[in-house]
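Scroll down for the structure; my scribbles are underneath it.
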Number of protein chains: 2
Amino acid sequence: MTTKPLNQLSLTEAINAIELGDTSAEAIINACYDQIDAREPLVSAWQYSLTREQYLQAYRANEEFYKNSRLKGLPVGVKDTIDTASMPTEMGSRLHANRQPADDASCVALIQQAGGIVLGKTVTTEFAYFQPGRTANPKHLQHTPGGSSSGSAAAVADYMVPASLGSQTAASVIRPAAYCGTVGYVGSCGEFSSRGIQPLAQSLDSLGFFARSVDDIVLLRSVLLGNPATAIGADTEEPVKPTKVLLCPGSNVGDTDADMNAAMADLAVQLQHHGIETPELDSCDLISRLVGNHETVMAYEVYRNLAVERQYADRLSESFRGLLQEGESTSRADYLAALSNIAITTRWLWHLHPDVDAILAPAAPGAAPQGLGSTGKPHMSRPWQAMGLPVITLPGLSNAAGLPLGVQLIGKSRDDDELLQTARWIHSHIEGLSC
Amino acid sequence: MTTKPLNQLSLTEAINAIELGDTSAEAIINACYDQIDAREPLVSAWQYSLTREQYLQAYRANEEFYKNSRLKGLPVGVKDTIDTASMPTEMGSRLHANRQPADDASCVALIQQAGGIVLGKTVTTEFAYFQPGRTANPKHLQHTPGGSSSGSAAAVADYMVPASLGSQTAASVIRPAAYCGTVGYVGSCGEFSSRGIQPLAQSLDSLGFFARSVDDIVLLRSVLLGNPATAIGADTEEPVKPTKVLLCPGSNVGDTDADMNAAMADLAVQLQHHGIETPELDSCDLISRLVGNHETVMAYEVYRNLAVERQYADRLSESFRGLLQEGESTSRADYLAALSNIAITTRWLWHLHPDVDAILAPAAPGAAPQGLGSTGKPHMSRPWQAMGLPVITLPGLSNAAGLPLGVQLIGKSRDDDELLQTARWIHSHIEGLSC
């Protein structure tokens with residue numbers, strides 16, 4: 001039996017402990033609420049949430065169902081850009097105060113059908129872009145948690161819930177996971193149902209999860225893809241050691257901090273000691289050009305997706321108005337050229353490196369910057385998101401000040417299962433990368 | 001000045017006539033309502049609609065805005081799978097009777113901002129799949145209008161409104177346009193904002209329009225893409241004659257009727273007489289295999305998108321339950337193999353035929369089948385939709401019984417503007433293809 005506090009158990013640990021009779025769902029739920037009561041006034045992860053009494057009432061009303069379910073009635077946080085039929089979905093915008101969707105998003109429905117309970121909606125930046133919400137980084141309250149899935153990352157990292165849903169168009173899962181020190185995963189473009197997830201840019205949006213272990217990510221994937229046969233037997237099979245990991249130093253993308261560069265160098269040495277080949281990507285600016293391509297595609301598509309909202313400029317933030325202006329002035333030719341360059345670079349990358357198990361890169365330029373006025377820079381995620389690749393943030397490292405440093409593993413499109421196998425091996429064999 | 005009845009004007013003709021002072025928006029609106037009053041009891045195109053009085057009240061309340069707008073306050077139909085904030089959106093399912101979305105879909109908002117008025121929601125098959133609604137083919141009331149955008153096609157073909165929005169996952173725009181005898185267009189995958197359009201299968205869904213001319217499609221594209229500079233000067237510039245049109249006989253895809261084969265052969269001769277090269281696609285079954293790949297991808301994704309609905313099997317049609325069962329039993333390996341084969345075939349197609357202006361193929365196996373119990377077979381659209389290509393149905397031909405026969409022109413992904421240029425030339429120079 002684990003000696004962790006109950007609210008610190010990972011989702012799979014919690015399920016196993018309940019199944020073994022070591023604890024109960026209610027005990028874990030209460031431990032989560034104790035943490036929320038103590039920390040939410042400081043962290044502000046939640047936009048809307050059930051009270052402890054409401055939650056326990058919902059659990060007890062269907063206790064038999066939950067006891068026999070995969071997720072045991074355990075709590076999940078849902079980013080407030082994802083529709084919920086029983087709670088408002090405000091997208092971090094005062095334009096949508098008290099907006100009540102007609103339906104649950106498919107991802108929410110699938111979590112609920114598997115016995116997860118939505119404890120609440122987590123704070124998002126305005127329309128999942130840059131204007132921050134109220135959330136603080138639970139590892140250092142004066143630092144940003146990153147965004148846009150700020151509350152989803154903070155709630156998991158601060159042990160308020162074992163798992164949460166987020167979404168990423170630029171760096172909205174990978175970066176807050178890195179800054180808060182938790183596991184974050186975004187699926188390949190098109191991997192999950194987007195029904196009920198408010199779109200920002202259709203060529204770039206993808207659903208993601210925050211959790212405390214790679215096994216939890218595998219479990220949540222299995223819940224959402226709805227076919228148990230496709231789940232990797234996370235708790236039974238040993239992951240296979242990767243043979244080749246392509247290193248992508250930050251310099252391929254843009255500026256990184258010295259402590260991040262040192263962490264990357266250390267990880268490379270460790271991988272080599274395990275006999276894993278670690279060729280280094282020499283991208284001749286091809287990857288860094290995707291940063292600009294991503295910005296172009298995002299601006300063009302956001303302007304057209306936010307057709308309703310752009311009529312109310314006075315109720316949008318300055319940064320969001322800037323994005324809309326950029327989108328309005330982006331020509332179709334520039335947009336199509338960006339899409340085309342992204343497609344060509346994707347083919348170039350895998351043609352040059354057909355047999356790598358994953359790419360290892362910084363998940364952010366460094367640790368979370370000080371201040372809550374900005375969510376930090378997103379450029380480290382833009383190239384991979386532009387290419388629609390599955391990505392996972394692995395936490396565990398930290399800088400001299402004790403702030404989390406996250407690295408990301410990147411897979412081939414739709415090879416999400418293979419990426420998670422590699423992530424499981426690396427996560428459990430490389431020093432410093434424990435959660 | 002045109003001598004057509006006012007409700008038969010195309011959207012661009014109507015706008016031009018209003019701008020020239022030859023008629024007024026109110027006169028056209030009234031002519032549309034006269035047609036609806038006369039024909040709706042027979043055709044059943046509308047799921048929900050404004051009364052004439054409600055429409056005129058809405059128009060008059062903002063008359064100055066409409067007079068100065070691009071779309072002049074003219075009526076547009078919207079498929080009932082597309083969210084509207086002021087009208088229910090029921091997706092053709094009794095499960096969603098009176099469902100009221102919180103927001104307008106972006107495409108609806110953009111039409112309204114350009115001065116279009118949503119006259120009503122058009123009948124769709126259940127969740128845009130196969131189970132028909134009440135709509136009849138306006139050209140022969142005992143025949144199917146096709147589906148799933150049944151009401152949107154019928155309303156435009158029967159001169160109730162000049163234009164409407166639809167969506168296509170398999171054949172839901174191209175086939176009803178062919179059966180009803182109107183122009184139908186689906187954009188490249190990812191071309192338009194999907195916000196507020198209820199998704200069926202994320203790898204396949206695309207937005208489409210019905211209208212009476214290619215110029216109208218160009219105009220609606222310009223309204224939705226929101227950047228006037230990208231619109232082709234439809235009413236001023238002569239379209240460029242295509243140099244090469246790739247013929248795809250029905251036999252590359254599946255069964256077609258003799259009258260369709262004869263129509264295709266006649267069009268080929270006409271194109272050749274204009275000096276256009278017309279190589280024939282010899283696909284060695286590569287294209288017909290995409291029919292099955294499309295079915296696999298669709299079933300897999302629908303099962304996961306309809307996560308809420310699949311809990312209520314007793315309120316779903318038998319055909320939809322069958323699709324869900326197929327999706328549940330489709331393995332991830334089969335799904336990924338289908339996606340992969342689609343991608344490889346797309347590259348093969350354009351590698352073999354890099355310089356064609358468009359592909360010409362039957363839009364359906366033949367004319368609309370008799371009976372309202374089925375919307376006809378979708379296989380002629382599945383390969384192109386699987387590849388995410390832009391497609392336009394060109395009407396004008398008919399079989400011996402006088403029923404419309406439609407052909408489709410298919411372009412390269414994101415070359416929607418170029419496809420429409422080719423369509424404009426063919427539409428205006430090839431005999432039989434006038435609307």
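We name chains A, B, ... by the order of the sequence lines, and we start the count at 1 in each one.
Note: A:Asp103 leads A:Asp104, A:Ile197, A:Asp103, A:Val108 in heavy-atom pairs under 4.5 Å with chain B. When A:Ala109, A:Pro199, A:Ala201 are compared by the number of non-hydrogen pairs under 4.5 Å with chain B, A:Pro199 comes out ahead.
Summarising the geometry, atom OG belonging to B:Ser203 is positioned 5.0 Å from atom CZ belonging to A:Arg414; distances are rounded to the nearest 0.5 Å. Summarising the geometry, atom CZ belonging to B:Arg195 is positioned 9.0 Å from atom CG belonging to A:Leu200; distances are rounded to the nearest 0.5 Å. Here CZ of B:Arg310 is found 5.5 Å from CD of A:Gln113. Values are rounded to the nearest 0.5 Å. We find the CG-OG distance between A:Leu306 and B:Ser106 to be 7.0 Å, quoted to the nearest 0.5 Å.
Annotation for A:Gln202 and B:Gly190: closest pair NE2-O, 2.9 Å, computed over non-hydrogen atoms. Considering all non-hydrogen atoms of both residues, A:Ser194 and B:Asn305 come closest at N-OD1, 4.0 Å.
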Give the intermediate values and the outcome of side chain to side chain contact (heavy atoms under 4.5 Å, CB included) for residues B:Tyr300 and A:Leu225. CA-CA 9 Å; B:Tyr300 182 94; A:Leu225 294 178; 4.0 Å; yes

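The contact list for residues 334-345 of chain A toward chain B, using heavy atoms and a distance under 4.5 Å, reads A:Tyr335, A:Leu336, A:Leu339 by residue number. Within residues 91-100 of chain B, the residues having any heavy atom less than 4.5 Å from a heavy atom of chain A are, in residue-number order, B:Met91, B:His96, B:Arg99, B:Gln100.
Other residues, nucleotides and ligands contribute more than 12 heavy atoms inside 6.0 Å of the CZ atom of A:Phe65.
With a 4.5 angstrom heavy-atom cutoff, A:Gln112 does not touch chain B via any of its atoms.
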